[in-house]
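Nothing fancy with the numbering, it's 1 onward along the sequence. Both counts, for ligands and for their atoms, begin at 1 and track the order of listing.
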Amino acid sequence: MNDAPDVNAVHFNVDDKNIMVSAGQTIYEALQRMPGIGEIPALCYNPAIRPYGACRLCTVEVSEDRGKSFRFVASCLYPAKEGQIVKTNTEKIRKLRKGIIELLLARCPDVRVIQELAKEYGVEKPRFSLGGHDCILCGLCVRACQEIIGKSAISLVNRGIYKEVAAPFYAYELGEECIGCGDCSYVCPTGAIIMGSNGKPVLPRVKIPYAEVGAMTSKEKLSTSQK
Ligand code: SF4
Ligand code: FES
């Protein structure tokens, strides 16, 4: 009989169940559709695109010292390992996810997938001002364009509240680099990108009025120059 350990398999404990999965998967991949394990929310995960860890909704607790200590990891990025203990739905995790969902709901109050998550996690009314966006800035569209199509027709530009999806040179109309494949629209978890009548995607627009952006930018410039 061969007693050598099976390097193609990972044995770990998830929510008090001993589980065996094939090696080389992230925790999220390993647990998808696993009987007896509840669904882990994951807005920026797509099996065809390299995980990036933008939304953090898939956070789980992991122990690699036989349960002495646990830490939070993004399950779409973190590998399933031999002997791990994983908790997918503790009070701490639900609290963390609830906080993220509250922020997402404040940003995108009309997006159905976020409304559904809010209902599931008991988020009623965000404490922050409502944004009216439909893009959660997960970057899936940008990565689909690069990784699946091999193009860079769109990218995430700017930082903080000005961050948005845009075409090169900040154009909202996509140019020749876009082949009109529709992949960006297909992978978008919120439906923020629709295909236009010209066969090219219509990108989500930042909802901060540009006059306001201009005023804020010049205020920032002023305060920097006064330092
Ligand atoms: S448009 Fe959609 S896929 Fe692209 S960053 Fe926004 S939410 Fe994500
Ligand atoms: S699905 Fe893992 S960080 Fe978004």
Side-chain angles (χ1 to χ4, degrees), residues 25-33 37-62 71-80 86 88-89 93 96-101 103-117 120-121 131-149 151-168 170-174 178 181-196 200-208:
Q25 300 185 81
T26 63
I27 295 174
Y28 183 80
E29 284 164 344
L31 297 183
Q32 270 185 305
R33 292 178 290 279
I37 306 293
E39 200 178 327
I40 299 173
L43 278 184
C44 71
Y45 172 81
N46 184 298
I49 300 167
R50 239 176 321 161
Y52 172 72
C55 75
R56 309 316 270 194
L57 279 172
C58 67
T59 297
V60 295
E61 285 190 83
V62 164
R71 64 196 170 100
F72 290 124
V73 299
S75 64
C76 71
L77 288 173
Y78 203 79
V86 179
T88 68
N89 200 19
I93 293 170
L96 186 139
R97 288 183 190 150
K98 195 172 170 179
I100 297 170
I101 292 165
L103 287 169
L104 289 175
L105 188 66
R107 178 181 170 84
C108 308
D110 301 322
V111 170
R112 181 121 156 246
V113 65
I114 296 170
Q115 289 172 344
E116 283 167 3
L117 279 170
E120 188 185 334
Y121 280 81
H133 295 262
D134 43 14
C135 167
I136 57 167
L137 300 171
C138 69
L140 269 180
C141 51
V142 173
R143 287 177 290 132
C145 188
Q146 288 168 353
E147 290 178 27
I148 302 176
I149 311 302
K151 298 271 182 186
S152 291
I154 50 175
S155 53
L156 284 172
V157 298
N158 297 333
R159 283 186 295 173
I161 56 167
Y162 311 123
K163 196 169 179 181
E164 61 182 313
V165 179
Y170 222 98
Y172 282 108
E173 302 276 325
L174 285 147
C178 173
C181 66
D183 249 27
C184 53
S185 169
Y186 181 73
V187 299
C188 176
T190 62
I193 300 185
I194 46 164
M195 294 306 284
K200 303 237 173 161
V202 179
L203 300 180
R205 282 179 185 245
V206 72
K207 298 292 192 302
I208 304 167

Problem set entry | Heavy-atom donor-acceptor pair, Glu164 side chain to Val157 backbone, under 3.5 Å | no
For this session: For Arg159, check side chain to side chain donor-acceptor pair (under 3.5 Å) against everything at least two apart and list the hits.
Result: none
For this session: Start with the C-alpha gap between Glu61 and Arg71, add the side-chain angles, then the distance that decides, and say whether salt bridge (Lys or Arg N to Asp or Glu O under 4.0 Å) holds.
Result: CA-CA 5 Å; Glu61 285 190 83; Arg71 64 196 170 100; over 6 Å; no
Problem set entry | Of the protein N/O/S atoms, how many lie under 2.8 Å from atom 2 (Fe) of ligand 1 | 1
Problem set entry | salt bridge (Lys or Arg N to Asp or Glu O under 4.0 Å) partners of Glu116, counting only residues at least two apart | Arg112
For this session: Mark yes or no for whether Arg97, through its side chain, and Leu57, through its backbone, hold a donor-acceptor pair below 3.5 Å.
Result: yes
Exercise. Taking Thr59 for the side chain and Ala74 for the main chain, is one N or O donor matched with an acceptor at less than 3.5 Å?
Worked result: no
Exercise. Is a donor on one side and an acceptor on the other found under 3.5 Å between the side chain of Lys200 and the backbone of Met195?
Worked result: no
Exercise. What protein heavy atom sits nearest atom 5 (S) of ligand 1, and how far off is it?
Worked result: Gly139 N, 3.2 Å
Exercise. Hey, is CD on Gln25 packed in by over 12 heavy atoms from elsewhere, all under 6.0 Å?
Worked result: yes
Problem set entry | Total protein N, O or S atoms, atom 4 (Fe) of ligand 2, separation less than 2.8 Å | 2
For this session: Measure from the side-chain N and O atoms of Glu29 to the backbone N and O of Thr26, and report whether any donor-acceptor pair falls under 3.5 Å.
Result: yes
Exercise. Would a distance-only check, ignoring hydrogens and angles, find a side-chain to backbone donor-acceptor pair under 3.5 Å from Ser75 to Cys58?
Worked result: yes
